[in-house]
Structure formats: C-alpha cells, structure tokens
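Please read the structure below before turning to the comments.
The basis for the numbers below is simple: all heavy atoms, side chains too, and nothing from hydrogens, waters or symmetry mates. By convention in this document, chain letters (A, B, ...) are assigned in the order of the sequence lines, proteins followed by strands, and residues within each chain are numbered from 1.
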Amino acid sequence: MLKRKMGKSFFADLHDSHERIQIYLKLDVVGQACFELFNSIDLGDIVGCEGTLFVTRMGERTLKVTSLELLSKALHPLPDKHAGLTDVETRYRRRYADLIVNPEVRNVFRMRTRIIQAIRDFLNNEDFLEVETPILQPLYGGAMARPFKTHHNTLDIPMYMRIADELYLKRLIVGGYEKVWELCKDFRNEGMDRLHNPEFSMVELYFAYADYKDVAELFERLLRDVVQKVHNSYKINYGDHEIDFEPKFNWVTMLGSIQEKTGVDFSEMSFEEAKAKAVSMDIGLNEEALINWGKVVEAVWEAKVEPTLVQPTFVADFPKEISPLAKVHRDNDRLTERFELFIAKQEMGNAFSELNDPVDQLKRFLQQGKAIEAGDEEAQPLDDDFITALCYGMPPTGGLGFGVDRLVMLLTNQHSIRDILFFPQMKETKEGSVPVSKILTEIAKED
RNA sequence: GGGGGUGUAGCUCAGGGGUAGAGCAUCUGCCUUUUAAGCAGAGAGUCGAUGGUUCGAUCCCAUCCACCCUCACCA
C-alpha cells in the first residue's frame with residue numbers, strides 16, 4: 001500500500017503476491033466515512049475494494065474505487081518503502097517481513113518449490129516409488145555425522161533424528177521394490193555456515209539392477225530436465241559462471257583428472273611414494289591427515305582439480321579408503337565404483353554401486369564400532385537389523401544422494417543456504433521477549 | 001576455533017570526548033489524475049550490553065553478545 005494523497009482524492013498502489021495495481025479514490029465517489037477510513041490506512045494494511053477500471057492521464061490502468069473495506073491492520077511499521085529491508089539478520093529472523101518487502105525473495109522460494117516439483121515429476125515418470133521412512137529412529141546411520149538425540153517416554157529408550165535415509169531405503173530394495181526414493185529432511189548436529197544448516201533436505205534414490213554408471217545417466221537426465229523446466233533454458237548463471245546443462249556432462253576419473261592437471265600418475269604408487277610426491281607439490285597439505293593412499297589422492301585432487309570444475313562434471317572411481325559404503329571397482333581393487341558430480345566447483349551429488357555383501361558390511365560396522373570406542377563421535381553404530389536385511393539378499397543396486405538445498409542455491413543463484421530456507425537456524429538472542437509483546441500487553445490492559 | 005568487518009530512530013544510513021543527525025516511514029495542516037507526488041510543521045533514540053579512563057563517554061580502552069565475510073574442522 002503506497003498512498004499518494006491529493007487533497008480530496010488518493011492514488012495508491014495495491015499489491016498481492018504477484019502483481020500491483022493502482023487504485024484511485026475520490027471523496028465524492030466513496031463518501032466521507034470511506035474516505036476517512038482510507039485516510040487512516042498505513043503501508044502494510046490489507047484492504048479489499050471494488051470499482052471500475054479506467055486509464056489515467058499518464059496512461060496507467062487504474063481502479064476507480066467505489067467501496068473499500070479494511071481486512072487487516074498492520075500494527076508494525078513496514079521497512080522503508082524504497083531502501084527495503086537489507087539487514088540480513090532481520091531478514092532471516094523475520095522472514096515474513098523480508099517476504100512482504102522483497103519480491104525477489106518471494107520468487108526465490110517459488111523457484112525452490114518448482115525445483116522440487118520438477119524432481120518429483122521426473123522420478124514419477126521414471127517409475128520411482130516415492131516413500132516415507134522414519135525420521136525418528138532408534139539407531140542412526142547411513143552417513144558420518146553426529147546426530148540429534150532425544151528420548152521416547154513410553155518406551156523409555158533413546159531416539160535419534162535421522163542423519164540419512166540410506167539404510168531404510170536399502171531395506172525397501174531388499175523387500176523387492178526396484179526403484180525407490182525419498183525427499184528427506186535430515187538432521188546433523190554439526191557446524192553451521194554458508195553451506196550447512198542443522199536441518200536440510202536431500203533426495204536419496206536407490207535403483208536395483210543398476211550400477212553407478214546407470215545412476216549417472218539418470219542423474220544427468222534429471223538435472224537437465226529440472227533446469228529446463230525451471231529456467232526454460234539449459235543455461236544458467238551462478239555468480240560469475242555460466243553453466244550449460246545441454247551438452248553431455250564430462251566424465252573423468254579422480255586419478256585421470258589429477259594426471260591431466262598435474263602430470264602426476266598416482267595409480268601405481270605406494271602410500272609412501274604418493275605421500276612424498278604430494279608433499280613435494282607444495283599445495284599446503286595437512287600432512288597429519290594423510291594417513292593412507294586414498295587420503296593422499298583425495299587431498300591432491302581437492303587442491304588441484306576441484307577448483308577447476310565449473311561445468312557439470314562427474315568425477316568417478318574414488319579410492320576405497322575414503323568410500324566405506326561403496327562397492328570395490330570391478331577393474332581395480334584400490335578404487336570403488338563411486339562418483340560425485342561437481343558444478344560451479346561444488347559437489348552436487350554422490351553415488352555408488354552399493355555394497356550389498358552382509359559379511360563385508362558387518363566388517364565395516366565393526367571397524368566403525370572401534371572408532372566409536374576411540375571417541376569418534378561421527379562413526380556409525382552397528383545396525384544389526386540392517387545386516388539381517390542384507391542377509392535376505394539385496395540385488396546389485398545403484399544409489400544416489402544429492403542435496404536439494406545446494407541444487408536450489410545453484411538454480412536460484414543464491415550463495416548462502418540461509419537464503420533458500422524460509423526459516424534458517426539462528427542463535428537464540430539473549431534479550432528474551434521482544435518489545436512488541438510488551439507494547440501489546442499494555443494495549444490489552446487498556447481494553 | 002583463527003583472522004577481518006558490522007551494530008546509532010520503524011527502515012536505509014551519516015556523525016563524533018560537551019543536550020543526537022538526514023532521507024523514507026508515522027502524526028497535523030494545504031492540495032480532486034498522482035507515480036519514490038508536492039509544500040509547511042511535529043513527534044520519535046538505553047547510539048548492541050557490561051565495566052574502565054575522564055569533570056563529562058554514544059565516541060577512547062577492556063570484556064561480552066549478535067550478525068556478515070574468510071580460513072580451519074566437519075558432510
């Protein structure tokens with residue numbers, strides 16, 4: 001509501017969630033009572049009005065109001081009508097005010113919904129079954145992360161908010177569904193920054209009788225389809241980059257891409273040789289973290305290759321040591337059948353040919369158990385029922401997980417996760433009750 | 001956790017050791033086709049918090065809090 005008073009008449013701009021229209025209101029048309037009502041209306045009030053359309057002297061289509069009704073009163077003054085609301089803390093803490101004032105923010109969240117709908121439509125068309133699995137779990141697993149812990153009163157047991165869906169969706173593959181997926185809210189009790197919020201959204205999908213290359217083909221089609229539906233184009237801008245989803249995505253291997261960028265071939269090196277070579281490259285590595293060949297390869301890759309991956313690129317065949325849930329590569333037992341997709345230098349998804357051998361899986365759980373005893377708060381606890389499920393026989397399966405929030409950031413050109421979550425987690429302010437509640441308490445007393 | 005930055009009116013911001021400033025918003029008056037309408041006037045603040053220095057602190061110093069950026073750690 002932007003008012004322009006002209007003596008015994010008004011012009012004003014009226015907005016709804018999509019558009020604005022100008023209204024015109026004259027004293028001798030609407031009468032004294034209505035005129036005074038309108039005179040008392042503030043920016044942010046919600047009104048309903050009836051009238052007829054005309055075109056002003058300046059050529060603008062305008063509603064000449066014959067009757068007007070105040071539907072809802074805004075008690076809190078709105079931010080500046082021109083400068084808007086730019087203080088980021090207020091924008092996140094009072095998203096409603098941000099949304100009222102900043103139409104481009106409303107649009108970002110509309111796009112978020114469209115992106116999720118496009119993902120759902122695509123997977124439905126591919127005959128993937130959308131399922132729901134427990135968010136509140138007696139045991140957590142499927143990722144390396146610290147969980148949120150809570151307690152069930154009646155059962156008197158600890159319960160956890162899920163950190164991933166993986167183990168439940170795989171149980172459904174064991175149960176005979178061949179294509180399942182879930183849009184999952186996951187919860188990780190860890191640091192918060194530009195890319196991380198304690199609660200976030202992932203898509204996980206599992207595809208029986210498929211391997212990681214089949215999954216890559218599916219993922220590529222999915223992204224291309226979503227980008228096209230949301231942007232009406234295969235090209236998008238992200239920061240300084242133009243990303244083109246139309247050409248076939250690049251496919252490189254981790255070792256091959258390192259060799260291409262540095263000329264060094266790590267594939268046949270021992271751990272000691274690889275570490276010595278990596279250290280000699282002088283790329284600021286933390287030597288203490290280089291505890292095995294896989295870690296060395298990963299560190300070199302992150303330093304030399306990852307920052308160069310702007311256009312969509314699958315990076316495949318990760319070292320075994322850094323891929324505990326992936327199947328060993330059919331041609332090379334130092335590697336796994338795993339890829340991550342990189343776009344605009346950011347990881348956009350992670351997939352592998354899933355480990356489906358219960359004995360191997362049990363061994364890996366037991367290793368994790370030792371890590372827990374050693375104080376690793378992110379190691380995974382042994383899930384006996386999951387092992388039991390694998391004993392019933394899980395077909396060869398390709399699995400994929402990708403962060404919905406990261407994808408939304410990419411497709412909306414936003415650079416903080418807080419800009420694509422309506423209500424991002426913020427620290428509690430120490431102030432206690434807000435001043436507004438004090439003022440309203442006084443008003444209530446007067447009544 | 002390390003480094004850098006920010007915090008002053010409802011909003012956007014300036015200022016500066018001696019009674020706190022602007023624009024917009026709000027309120028009052030004038031104006032019946034305006035477009036960031038105009039003109040005249042008014043009200044509005046714990047200057048993020050707590051200590052210290054000082055005759056005097058919003059300003060200087062210390063500590064703390066919140067937010068942003070960045071690095072580290074972590075998916």
Side-chain angles (χ1 to χ4, degrees), chain A residues 1-14 20-30 35 39-45 54-65 74-94 97-98 100-102 142-147 163-164 166 186-198 200 202 284-286 288-289 298 302 322-325 340 346-350 376-380 401-403 405-406 415-419 424-432 434-436 439:
Chain A
M1 271 290 331
L2 261 183
K3 276 198 304 190
R4 293 179 289 278
K5 189 176 178 185
M6 300 280 300
K8 302 210 164 38
S9 72
F10 285 99
F11 282 93
D13 289 341
L14 214 58
R20 67 167 277 279
I21 187 167
Q22 179 167 265
I23 62 172
Y24 180 56
L25 190 132
K26 277 164 75 169
L27 172 61
D28 51 19
V29 173
V30 297
F35 189 81
N39 200 21
S40 72
I41 273 172
D42 298 313
L43 188 63
D45 288 355
F54 75 107
V55 176
T56 66
R57 199 182 286 164
M58 302 301 288
E60 178 162 357
R61 197 181 58 160
T62 301
L63 184 76
K64 187 179 285 182
V65 173
L75 295 178
H76 199 295
L78 275 187
D80 185 276
K81 67 180 178 181
H82 311 302
L85 180 65
T86 60
D87 178 75
V88 288
E89 183 177 354
T90 308
R91 287 189 43 232
Y92 297 150
R93 289 192 191 276
R94 300 190 184 173
D98 187 27
I100 291 171
V101 175
N102 295 320
M144 310 284 270
R146 283 153 67 189
I163 59 171
E166 175 146 352
D186 291 335
F187 306 83
R188 297 187 186 176
N189 205 341
E190 296 181 335
M192 293 154 52
D193 61 28
R194 193 172 68 81
L195 296 171
H196 298 89
N197 193 69
F200 64 101
M202 291 236 298
L285 300 178
N286 173 12
E288 286 180 20
E298 181 185 37
E302 282 179 358
I322 59 169
S323 310
L325 295 168
E340 290 188 351
Q346 285 188 14
E347 188 217 314
M348 295 303 301
N350 183 12
D376 182 350
E377 293 181 272
E378 298 186 346
Q380 298 186 46
F402 63 91
D405 306 299
R406 298 265 173 99
H415 296 80
S416 169
I417 195 169
R418 288 179 158 170
D419 290 319
Q425 186 63 47
M426 303 288 281
K427 284 193 192 173
E428 290 295 316
T429 52
K430 288 272 170 73
E431 295 301 308
V434 287
V436 165
I439 296 165

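Using C1' as the reference atom, rC31(B) and rA40(B) are 12 Å apart when rounded to the nearest Å. When the C1' atom is compared between rA9(B) and rA44(B), the two are found 6 Å apart, to the nearest whole Å. Spacing of C1' atoms, rG18(B) relative to rG48(B), comes out at 24 Å, to the nearest Å. Separation of the P atoms belonging to rG17(B) and rC60(B) is 8 Å when rounded to the nearest angstrom. Atom C1' of rC55(B) sits at a distance of 33 Å from the matching atom of rC13(B), rounded to the whole Å. As rounded to the nearest Å, rA14(B) and rG1(B) have P atoms that lie 29 Å from one another. rC73(B) sits 22 Å from rG5(B) when the C1' atoms are compared, rounded to a whole Å. Between the C1' atoms of rU70(B) and rG10(B), the separation comes to 33 Å (whole Å).
Here T56(A) lies in heavy-atom contact (under 4.0 Å) with a base. Using a 4.0 Å heavy-atom distance criterion, R194(A) is classed as a sugar-phosphate-only contact. Within 4.0 Å (heavy atoms only), M144(A) reaches sugar-phosphate atoms of the nucleic acid but no base atom. Within 4.0 Å of G84(A), counting heavy atoms only, lie sugar-phosphate atoms of the nucleic acid but no base atom. F54(A) comes within 4.0 angstrom of a nucleotide base, judged by non-hydrogen atoms across all strands.
To the nearest angstrom, P of rU33(B) lies 13 Å from CE of M58(A). Taking atom CZ of residue R91(A) and atom P of nucleotide rG7(B), one finds them 19 Å apart after rounding to whole Å. Atom NZ in K427(A) sits roughly 19 Å away from atom P in rA49(B) (whole-Å rounding). In this structure, CG of L43(A) is placed 15 Å from P of rA36(B), rounded to the nearest angstrom. Taking atom CG on D193(A) and atom C1' on rC74(B), their separation rounds to 9 Å, with Å as the unit. Rounded to whole Å, atom P of rC74(B) lies 10 Å from atom CD of E302(A). Distance CD (E89(A)) to C1' (rG7(B)): 9 Å, rounded to an integer number of Å. For the pair L2(A) CG and rU33(B) C1', the interatomic distance rounds to 17 Å; values are reported in whole Å.
With a cut-off of 3.5 Å on both Watson-Crick or G-U wobble distances, the partner of rU19(B) is given as none. In a base pair of the Watson-Crick type (N1 to N3 plus N6-O4 or O6-N4) or a G-U wobble (N1-O2 and O6-N3), with each distance short of 3.5 Å, rA49(B) is matched with rU63(B). In this structure rG10(B) sits in a base pair with rC24(B), meeting the Watson-Crick or G-U test at under 3.5 Å. rA72(B): no Watson-Crick or G-U partner with both key distances under 3.5 Å is found in any strand.
Note that CZ of R406(A) and CD1 of I417(A) are 7.0 Å apart. Values are rounded to the nearest 0.5 Å. Here the straight-line distance linking atom CD1 of I163(A) with atom CD of Q380(A) works out to 6.0 Å at 0.5 Å rounding. T62(A) contributes atom OG1, which lies 4.0 Å from atom CD of Q22(A) (distance to the nearest 0.5 angstrom). N197(A) CG to D186(A) CG: the interatomic distance, rounded to the nearest 0.5 Å, is 12.0 Å. To the nearest 0.5 Å, atom CZ of residue F10(A) and atom CD1 of residue I23(A) are 10.0 Å apart. Within the model, atoms CZ of R188(A) and CZ of F200(A) stand 3.5 Å from one another, a figure rounded to the nearest 0.5 Å.
The base of rU32(B) sits within donor-acceptor range of the side chain of D28(A), with an N or O pair under 3.5 Å. A donor-acceptor contact under 3.5 Å links the side chain of Q22(A) to the base of rU34(B).
When each of rU12(B), rU33(B), rC67(B) is scored by its nearest atom to the side-chain atoms of D87(A), the top-ranked nucleotide is rU12(B). For S9(A), the side-chain atoms get nearest to rU32(B) when compared with the rest of rU32(B), rC11(B), rC74(B). In this structure, of rU32(B), rU26(B), rC74(B), it is rU32(B) that holds the atom nearest to the side chain of K26(A). In the set rU33(B), rC31(B), rC11(B), rC11(B) carries the atom at the smallest distance from any side-chain atom of L85(A). When distances run from any side-chain atom of K64(A) to the nucleotides rC74(B), rU34(B), rU33(B), the shortest one goes to rU33(B).
Nearest-nucleotide positions on RNA chain B for G59(A) and T90(A) put T90(A) closer to the 5' end. Sequence order on RNA chain B of the closest nucleotides to H415(A) and L78(A) puts L78(A) first from the 5' end.
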Check your understanding: Which is it for M192(A) and K427(A) under the side-chain contact (heavy atoms from CB on, under 4.5 Å) test, yes or no, and what are the steps along the way?
Key -> CA-CA 10 Å; M192(A) 293 154 52; K427(A) 284 193 192 173; 5.8 Å; no
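D42(A) places no side-chain N or O within donor-acceptor distance of the main-chain N or O of D45(A), the cut-off being under 3.5 Å.
Between R4(A) and the phosphate of rA37(B), there is a side-chain N or O to OP1/OP2 separation shorter than 4.0 Å.
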